[in-house]
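Only a predicted model underlies this, so the values are computations on that prediction, with no experimental measurement involved. Read the numbers this way: they start at 1 and go in the same order the structure lists the ligands and their atoms. For this chain, numbers begin at 1 and follow the sequence in order. In what follows, every heavy atom counts, from backbone to side chain, and hydrogens, waters and symmetry copies are set aside.
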Amino acid sequence: MFDKESHPLTELSFLQQREQWKTEDIHVNDFQLEIAGHPVMETWEEPYMKKLAEIATTNGGRVLEVGFGLGIAASYIQNNSINEHHIIEANNQVFERMESFAKSAKCPTFLYSGFWEEISSNFEDEFFDGILFDTYPITFDELHTARFSFFSEAYRLLKVGGVFTHYSGELEFTDEYVKCLRQAGFKKFSGQSVLVNPPSDCLYWRSNQIMASIIIKN
Ligand SMILES: C[S@@+](CC[C@H](N)C(=O)[O-])C[C@H]1O[C@@H](n2cnc3c(N)ncnc32)[C@H](O)[C@@H]1O
């Protein structure tokens, strides 16, 4: 929806060292999670997170979530019928909130602290039935690529017939998006539009719709 150069997030300063993200203090209020001065997650996304959780849990079984944030999607994932919930989170203080969440979780929940880039290779091929990926661009260079960089790992980690979804930041499947999905191996994908109501000063989304992607490994 925003191109890289004109994206409002470019007005914010980004961390110089990726590693710093882990130890940054977080600021949470009724409206958002802020880390390093960035609006990492906002509560207007709730209907969207609900839809992503529904998609990622379509097949039940073992579900991977990347990026806990405010735990909105995590709660919806646990409301659906699954056997295991695995969550990777990079920020230490968000991780502590995730530990509290896991104490009252309905199904076995496994927590991993760190960047997915350091952790996901520990999982065997085809380990998961569903994946919900929602991280945040930590450095300026990741603004446009953060989600695309996970696609080939999502393909490796999913069982055949498994379902992958992620924060798309799109209204439709753009040529670049489709190219990245195909390069990762995905051939079957569709989208559903979700109605949302971001405030007019939201720095990362401006439309009253956002696409929930349903990406299936076949
Ligand atoms: C947009 S929030 C996730 C929101 C979440 N879906 C919810 O419903 O509240 C992004 C989260 O991903 C974490 N994160 C960012 N980059 C990451 C990475 N490379 N690996 C793991 N976690 C990451 C952030 O610390 C943050 O907690």
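- When only modelled atom types and interatomic distance are considered, Asp25 and Gln93 share a side-chain donor-acceptor pair under 3.5 Å.
- In this pair, Phe133 and Phe150 present their aromatic rings parallel. The plane angle is below 30°, not in the 30 to 60° band.
- Of the options Glu117, Met49, Glu65, Glu142, the smallest heavy-atom separation from atom 19 (N) of ligand 1 is shown by Glu117.
- Counting only heavy atoms of the protein, atom 25 (O) of ligand 1 lies nearest to Glu89 OE2, 2.6 Å.
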| field | CA sep, side-chain torsions, deciding dist, call: His86, Glu65, side chain to side chain donor-acceptor pair (under 3.5 Å) | value | CA-CA 6 Å; His86 295 248; Glu65 183 177 10; over 6 Å; no
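- Heavy-atom proximity to Leu70, at under 4.0 Å, picks out these atoms of ligand 1: 7 (C), 9 (O).
- In Val94, the part holding a heavy atom less than 4.0 Å from any atom of ligand 1 is the side chain.
- Interface atoms of ligand 1 facing Gly71, defined by a heavy-atom separation under 4.0 Å, are 7 (C), 9 (O).
- If you check which protein heavy atom lies closest to atom 12 (O) of ligand 1, you get Gly67 CA, 3.2 Å.
- In terms of protein heavy-atom proximity, atom 5 (C) of ligand 1 is nearest to Phe68 O, 3.4 Å.
- For ligand 1, one of its N or O atoms has an N or O atom of Gly69 under 3.5 Å away.
- Within ligand 1, the atoms closer than 4.0 Å to a non-hydrogen atom of Arg18 are 19 (N), numbered from 1 in the order shown.
- Here Glu24 has no heavy atoms under 4.0 Å from ligand 1, in either its backbone or its side chain.
- Ligand 1 does not have Arg97 within reach: every non-hydrogen atom of the residue lies 4.0 Å or more from it.
- For atom 20 (N) of ligand 1, the closest non-hydrogen atom of the protein is Trp116 N, 3.0 Å.
- Taking the six-membered ring for Trp and the full ring otherwise, the centers of Phe164 and Tyr155 sit at least 6.0 Å from each other.
- The pair Arg18-Glu117 meets the salt-bridge criterion, since a charged nitrogen lies less than 4.0 angstrom from a carboxylate oxygen.
- For atom 15 (C) of ligand 1, the nearest non-hydrogen atom from the set Tyr76, Phe115, Tyr136 comes from Tyr136.
- Between Phe189 and Phe186, the gap from one ring centroid to the other reaches at least 6.0 Å.
- Looking at Ile138 against ligand 1, only its side chain comes within 4.0 Å, counting heavy atoms.
- Aromatic ring centres of Trp116 and Tyr136: separated by at least 6.0 Å.
- Closest to atom 1 (C) of ligand 1, if we only count protein heavy atoms, is Val40 O, 3.0 Å.
- Other residues, nucleotides and ligands place no more than 12 heavy atoms under 6.0 Å from the CG atom of Asp175.
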| request: Please assess Glu126 against Arg62 for the test salt bridge (Lys or Arg N to Asp or Glu O under 4.0 Å), listing each intermediate value before the final yes or no. | output: CA-CA 10 Å; Glu126 307 197 349; Arg62 186 183 284 139; over 6 Å; no
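- Residue Ile35 has no N or O atom closer than 3.5 Å to an N or O atom of ligand 1.
- For Phe123 and Phe128, the ring centers sit closer than 6.0 Å to each other.
- With Lys51 as the fixed residue, the side-chain contact (heavy atoms from CB on, under 4.5 Å) test singles out one of Val196, Ile214, Val194: Val194.
- Remark: distances from the non-hydrogen atoms of Trp21 to ligand 1 include one below 4.0 Å.
- Between the OG1 atom in Thr165 and the CG atom in Asp134 there is a gap of 9.5 Å [rounded to 0.5 Å].
- In Glu45, neither the side chain nor the backbone holds a heavy atom less than 4.0 Å from any atom of ligand 1.
- Here the heavy atom of the protein found nearest to atom 23 (C) of ligand 1 is Ala90 CB, 3.7 Å.
- Aromatic ring centres of Tyr177 and His166: separated by under 6.0 Å.
- Counting only heavy atoms of the protein, atom 10 (C) of ligand 1 lies nearest to Asp134 O, 3.3 Å.
- Under the 4.0 angstrom criterion for non-hydrogen atoms, Ala74 is not in contact with ligand 1.
- Against a heavy-atom cut-off of under 4.0 Å, Ala73 is close to the following atoms of ligand 1: 6 (N), 7 (C), 8 (O).
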